[in-house]
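As structure tokens, the structure follows; a few thoughts come after it.
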Amino acid sequence: MSIETLQRRIKTTQDLRDIVSTMKSLSSVSILQYEQAGVALEQYLKNILAAFHALIKTDCFSPPPARPKPQNTKTLAIVIGSDNGLVGKFNKEIINKAAEIIEADGENLKDSLFITIGKRVAVMAEQKEAPLFAKYAISNSIKVVNSIAGTVIIRIEEAMRIHKVNRVLVFYHKRETGQPTRIEQVKLIPFPEKAYANLKNKPWPTNNIPMVTIPAKEMFSTLIREYLMILLSSALTFSLAAEHHARMINMQNAEKNIDESLEQMNQEYQQKRQEAITEELIDVVSGSEAITIQKPKIKEKTFYKKY
């Protein structure tokens with residue numbers, strides 16, 4: 001490889017390293033905003049659960065009776081992946097986990113339905129021949145998360161009405177601070193009515209139970225919808241944070257590999273440059289010696305002084 005070719009390779013590799021470094025920085029910044037949003041959503045979820053508690057503690061409302069367990073389970077799996085690459089096995093792991101849990105519960109994968117959020121995980125689902133009920137892209141904007149969650153809730157209602165779905169599961173990646181990414185599973189439906197019925201006997205933290213001025217059934221219905229919205233929004237937010245974390249780790253590894261390649265190429269470049277300089281010096285010295293050898297010798301004339 002010539003020195004000129006090696007110089008071009010070094011320049012291209014340095015440009016690639018700058019791109020990788022920029023992507024790593026962007027992912028690092030994105031992780032922070034998504035994790036902060038996730039913490040805020042978790043706090044809001046606590047408020048929703050407190051509202052359930054207050055509603056059930058009032059004597060004007062009783063939770064609806066628990067529905068009988070269906071004989072056959074029809075599952076709708078909501079799988080959250082990524083639109084973009086450079087995330088390793090992020091999408092493959094989540095779709096495999098969803099399929100594994102559905103089949104472990106004794107349900108045929110082809111009898112279930114899937115909603116995928118993320119273009120790449122949709123491709124994975126199609127390769128696995130999982131029946132797609134709907135597929136959506138996932139936006140990196142935190143402002144669009146609630147919009148996606150609202151759209152998915154509408155599709156859940158359609159699946160329950162048209163395809164008699166009686167179980168809805170959400171699968172997503174989540175990462176705790178300082179911990180590796182793991183796959184989380186959340187059951188949206190059936191709603192844990194029995195658990196909230198037990199809130200009747202749970203003491204309220206203060207002496208005064210909040211007054212509910214909205215009609216009890218309307219309040220309960222609103223809280224249920226808000227509860228589903230928060231769970232889906234939280235799953236999307238934590239998945240985005242985990243996606244950027246996976247990308248940041250991959251960019252760190254890529255940066256390390258590029259630095260090692262640059263070091264090797266720079267060493268090779270220095271070696272070739274030194275060899276070229278040595279060859280030039282040898283050529284100069286050899287040329288100088290050749291000129292000295294070929295130069296004709298002038299006979300010295302002896303002048304005798306006549307006396």
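Treat the numbers as computed from the prediction; the structure is a model and nothing was measured.
The distance from atom CG of Leu113 to atom CD1 of Ile156, rounded to the nearest 0.5 Å, is 11.5 Å. In this structure, Lys46 NZ and Ile230 CD1 are separated by 13.5 Å, a value rounded to the nearest 0.5 Å. Taking CG of Asn253 as the reference point, atom CE of Met248 lies at 10.5 Å (rounded to 0.5 Å). Interatomic distance, Asn250 CG to Gln252 CD, rounded to the nearest 0.5 Å: 9.5 Å. Expressed to the nearest 0.5 Å, how far NE2 of His53 lies from CD1 of Ile209 amounts to 7.5 Å. Distance CD1/Ile258 to CE/Met251: 8.5 Å, rounded to 0.5 Å.
Salt bridge Asp83/Arg120: absent, no basic N to carboxylate O contact under 4.0 Å. With salt bridges taken as basic N to acidic carboxylate O contacts below 4.0 Å, one links Glu42 and Lys174. A salt bridge does not link Glu275 to Lys272: none of the charged nitrogens lies less than 4.0 Å from a carboxylate oxygen. A salt bridge is defined here as a Lys NZ or Arg NE, NH1 or NH2 lying under 4.0 Å from an Asp or Glu carboxylate O, and Arg225 with Glu157 meets this definition. Electrostatic pairing of Arg182 and Glu184 counts as a salt bridge here, judged by a charged N lying under 4.0 Å from a carboxylate O.
Looking at every heavy atom in both residues, Ala77 comes nearest to Phe171 through CB-CE1, 4.0 Å. Shortest non-hydrogen contact noted between Ala51 and Leu223 is CB-CD2, 3.8 Å. Ile78 approaches Leu188 most closely through the heavy-atom pair CD1-CD1, 4.3 Å. Nearest heavy atoms, Glu255 versus Val20: N-CG1, 4.0 Å. Contact detail for Ser139 and Leu240: the closest heavy-atom pair is O-CD1, 3.6 Å. Summarising the geometry of Thr181 relative to Ala242, their closest heavy-atom pair is CG2-CB, 3.8 Å, with the distance given to 0.1 Å.
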Step by step, would you call Ile19 with Asp15 a side-chain contact (heavy atoms from CB on, under 4.5 Å)?
CA-CA 6 Å; Ile19 294 171; Asp15 292 341; 5.5 Å; no
Lys74/Asp111 under salt bridge (Lys or Arg N to Asp or Glu O under 4.0 Å): CA gap, chis, key distance, verdict:
CA-CA 7 Å; Lys74 179 77 171 181; Asp111 293 334; 5.9 Å; no
Salt bridge (Lys or Arg N to Asp or Glu O under 4.0 Å) between Lys135 and Glu126, intermediate numbers included:
CA-CA 11 Å; Lys135 55 183 179 180; Glu126 289 172 347; 3.0 Å; yes
For Thr116 and Tyr136: C-alpha separation, side-chain torsions, deciding distance, then whether side-chain contact (heavy atoms from CB on, under 4.5 Å) applies.
CA-CA 6 Å; Thr116 57; Tyr136 301 97; over 6 Å; no
Take Ile94 and Ile80 through the test side-chain contact (heavy atoms from CB on, under 4.5 Å) and record every step on the way to the result.
CA-CA 8 Å; Ile94 196 78; Ile80 304 174; over 6 Å; no
Audit row: Arg155, Glu158, salt bridge (Lys or Arg N to Asp or Glu O under 4.0 Å) steps and yes/no
CA-CA 5 Å; Arg155 299 312 301 269; Glu158 291 179 8; 2.9 Å; yes
For side-chain contact (heavy atoms from CB on, under 4.5 Å), just list the numbers for Glu4 and Arg8, CA-CA rounded to whole Å, side-chain angles, deciding distance to a tenth of an Å, and then say yes or no.
CA-CA 6 Å; Glu4 292 76 13; Arg8 287 195 295 270; 4.1 Å; yes
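You'll find the side chain of Ile101 reaches within 4.5 Å of the side chain of Asp105, heavy atoms only. Two residues are said to be in side-chain contact when any heavy atoms from C-beta on lie closer than 4.5 Å; Ile10 and Tyr269 meet this criterion. Looking only at side-chain heavy atoms (C-beta outward), Val152 and Ile117 come within less than 4.5 Å of each other. Residues Val186 and Leu169 are not in side-chain contact: their nearest non-hydrogen atoms beyond the backbone lie 4.5 Å or more apart. Looking only at side-chain heavy atoms (C-beta outward), Lys187 and Val168 stay at 4.5 Å or farther from each other.
Looking at Lys128 and Asn96, their side chains do bring a donor and an acceptor atom within 3.5 Å of each other. Side chains of Thr5 and Ser2: a donor-acceptor N/O pair is present below 3.5 angstrom, by distance only. Side-chain atoms of Arg167 and Thr75 form a donor-acceptor pair, as typed in the model, at a separation below 3.5 Å.
Note on Leu109 and Val121: same hydrophobic cluster, where clusters join Ile, Leu, Val, Met, Phe, Trp and Tyr whose side-chain heavy atoms are under 4.5 Å apart, directly or indirectly. If you chain together hydrophobic residues whose side chains sit under 4.5 Å apart, Tyr227 and Ile189 fall into the same group. With hydrophobic clusters built from ILVMFWY side chains whose heavy atoms lie under 4.5 angstrom apart, Val144 shares a cluster with Met229. Clustering ILVMFWY residues whenever any of their side-chain heavy atoms sit less than 4.5 angstrom apart, transitively, puts Leu228 in the very cluster that holds Val170. If you chain together hydrophobic residues whose side chains sit under 4.5 Å apart, Ile48 and Trp204 never meet in one group.
Within 6.0 Å of CZ in Arg9 there are 12 or fewer heavy atoms belonging to other residues, nucleotides or ligands. At most 12 non-hydrogen atoms from other residues, nucleotides or ligands lie less than 6.0 angstrom from NZ of Lys92. Within a 6.0 Å sphere centred on CD of Glu129, heavy atoms belonging to other residues, nucleotides or ligands number 12 at most.
For residues 94-131, there are no ring-ring contact (aromatic ring centres under 6.0 Å, His included) pairs, not counting sequence neighbours.
Remark: side-chain polar atoms of Ser221 are not paired, donor with acceptor, to backbone N or O of Lys217 under 3.5 angstrom. Not a single donor-acceptor pair under 3.5 Å links the side chain of Asn91 to the backbone N or O of Met124. A donor-acceptor pair under 3.5 Å links the side-chain atoms of Asn108 to the main chain of Lys110, judged by distance alone. Of the possible polar contacts, none joining the Ser147 side chain to the Lys143 backbone as a donor-acceptor pair under 3.5 Å is found. A distance-only check finds no donor-acceptor pair linking the side chain of Ser239 to the backbone of Ala235 [under 3.5 Å]. Counting only distance, with no hydrogens or angles, the side chain of Ser25 and the backbone of Ser21 share a donor-acceptor pair below 3.5 Å. Formation of a donor-acceptor pair under 3.5 Å by the Ser30 side chain with backbone atoms of Leu26 is found in this model. A donor-acceptor pair under 3.5 Å links the side-chain atoms of Lys57 to the main chain of Lys202, judged by distance alone.
Partners of Tyr172 by ring pair (Phe, Tyr, Trp, His ring centres under 6.0 Å), not counting sequence neighbours: none found.
With Ile31 as the fixed residue, the side chain to side chain contact (heavy atoms under 4.5 Å, CB included) test singles out one of Arg175, Glu243, Arg247: Arg175.
Val123 belongs to no hydrophobic cluster with other residues, because no ILVMFWY side-chain heavy atom falls under 4.5 Å from its own, directly or through intermediates.
Taking the ring centroids of His173 and Phe238, they lie at or beyond the 6.0 Å cut-off.
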